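These figures come from a predicted structure and were not determined experimentally. Numbers here are sequence positions counted from 1.
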Amino acid sequence: DDSWDLVMGEGRLTPDGLKIPISGLGPGFDKGFNAYLWRMCVHDGWLYAGTFAWSSLLLYAPREKWPAHIQAMMDPERTNTIVNKLGGFDLWRTRDGVIWMPVTRNGFGNSFNWGVRTMVSTDHGLFVGTANPFGPDINVERAAGWQFEPNAKGGLEIWLGAAGGASHADDKP
């Protein structure tokens, strides 16, 4: 019928009138590090939406170019805490576009999983492939300077969600 609804994002005035997100969720599922939806897939009557989250890049951002008050707040320890707590992509699901449920908000427990790169619905379950370019080694800032260290959490992961599994996973699937 040529009508549309805003599902998630900032409310706005449009030629069709005021549009407010019907889900009540702001941009990026209310997570500022989610830059965009990378993949969507229908599986077992659910629409799944996976994000790209840039939080892990904070570890490598040139702090010397940040404003002084941000540098003071974002020392290396705080930056690591933010990445560990808020890092990783989000994966959400909905049956109606209004009520969304998180499957994971932290890249299945891996802050280096920065995106849902692909999803495939199969008779065996929903396969989710992650994007994770942080391996096998990563550059880590230490007191003596930057050095490369092994990163066991680096590289892509493939997850299989099947009936009878956990209903959602905030820390572990």
Side-chain angles (χ1 to χ4, degrees), residues 4-12 14 19-62 66 70 73-74 78-122 124-136 138-139 151-163 165-173:
W4 62 278
D5 288 310
L6 178 63
V7 174
M8 167 187 42
E10 289 289 337
R12 63 195 78 155
T14 74
K19 296 288 185 175
I20 296 174
I22 60 174
S23 67
L25 293 166
F29 292 108
D30 288 333
K31 185 173 168 185
F33 293 116
N34 284 330
Y36 50 83
L37 293 180
W38 206 345
R39 284 288 182 265
M40 295 194 304
C41 181
V42 174
H43 176 72
D44 198 24
W46 293 88
L47 173 64
Y48 287 81
T51 68
F52 166 80
W54 60 271
S55 52
S56 52
L57 296 176
L58 277 175
L59 299 171
Y60 305 101
W66 297 356
I70 301 294
M73 287 189 321
M74 296 293 291
R78 248 190 214 118
T79 301
N80 281 325
T81 298
I82 287 171
V83 170
N84 289 333
K85 298 267 185 204
L86 299 175
F89 63 80
D90 283 15
L91 178 62
W92 291 70
R93 69 184 190 161
T94 183
R95 286 200 187 272
D96 61 10
V98 177
I99 299 170
W100 288 82
M101 300 168 52
V103 177
T104 182
R105 300 222 53 199
N106 62 7
F108 292 126
N110 186 340
S111 60
F112 292 103
N113 280 342
W114 71 2
V116 173
R117 190 64 184 100
T118 190
M119 289 187 278
V120 177
S121 177
T122 74
H124 300 286
L126 178 67
F127 284 87
V128 177
T130 71
N132 180 330
F134 297 94
I138 56 171
N139 205 8
N151 181 22
K153 290 185 164 192
L156 83 98
E157 297 175 350
I158 298 173
W159 290 82
L160 171 60
S167 60
H168 84 83
D170 284 328
D171 295 317
K172 300 274 185 214

Might you confirm whether atom CD1 of Ile158 has over 12 heavy atoms from other residues, nucleotides or ligands at distances under 6.0 Å?
no
Value for CZ (Phe112) from OG (Ser56), rounded to nearest 0.5 Å, stands at 7.0 Å
Of all heavy-atom pairs linking Val116 and Arg39, the shortest is O-CG, 3.5 Å
Of all heavy-atom pairs linking Gly9 and Pro21, the shortest is O-CG, 3.2 Å
Using only atom types and a distance under 3.5 Å, with no angle test, would you say the side chain of Lys31 pairs donor to acceptor with the backbone of Ala53? no
(message) Before you tell me yes or no, could you show the steps for Val128 and Phe108 under side chain to side chain contact (heavy atoms under 4.5 Å, CB included), namely the whole-Å CA-CA distance, both residues' side-chain angles and the distance that decides it to 0.1 Å?
(response) CA-CA 10 Å; Val128 177; Phe108 292 126; 4.2 Å; yes
side-chain contact (heavy atoms from CB on, under 4.5 Å) with Phe134: of Asn113, Asn139, Leu57, only one passes, and it is Leu57
Rounded to the nearest 0.5 angstrom, the OG1-CG distance for Thr51 and Asp90 is 4.5 Å
Determine whether Leu6 and Ile20 make a side-chain contact, defined as any pair of heavy atoms from C-beta on separated by less than 4.5 Å. no
**Request:** Specify whether Trp92 and Phe29 have parallel, tilted or perpendicular ring planes, treating 30° as the upper limit for parallel and 60° as the lower limit for perpendicular.
**Result:** parallel
Distance col, row Met73:CE vs Thr79:OG1, nearest 0.5 angstrom, shows 10.0 Å
Looking at side-chain heavy atoms only, is the closest gap between Thr118 and Phe127 below 4.5 Å?
no
For Gly45 and Arg95, the nearest pair of non-hydrogen atoms, with its separation, is O-NH1, 3.3 Å
Rounding to 0.5 Å, atoms CG (Asn106) and NZ (Lys85) come to a distance of 11.0 Å
CG (Asn110) and OG1 (Thr104) are apart, to the nearest 0.5 Å, by 10.0 Å
The residue among Trp114, Trp54, Phe89 that forms side-chain contact (heavy atoms from CB on, under 4.5 Å) with Phe33 is Trp54
request  = Evaluate the side-chain proximity of Met101 to Trp46: yes if any heavy-atom separation is below 4.5 Å, no if none is.
outcome  = yes
Report task. Please answer whether the main-chain N or O of Asn132 pairs with a side-chain N or O of Lys153 as donor and acceptor at a distance below 3.5 Å. Result -> no
When every non-hydrogen atom of Val7 is compared with those of Ser23, the smallest separation belongs to O-OG, 2.5 Å
Take a 6.0 Å sphere around CD1 of Ile99 and say whether it holds more than 12 heavy atoms from other residues, nucleotides or ligands. no
Looking only at heavy atoms, the pair that brings Ala49 and Leu37 closest together is CB-CD2, 4.1 Å
Scanning both residues in full, the closest heavy-atom pair of Ser55 with Gly88 reads OG-N, 3.7 Å
When rounded to the nearest 0.5 Å, the distance separating OG of Ser111 from CD1 of Ile82 is 12.5 Å
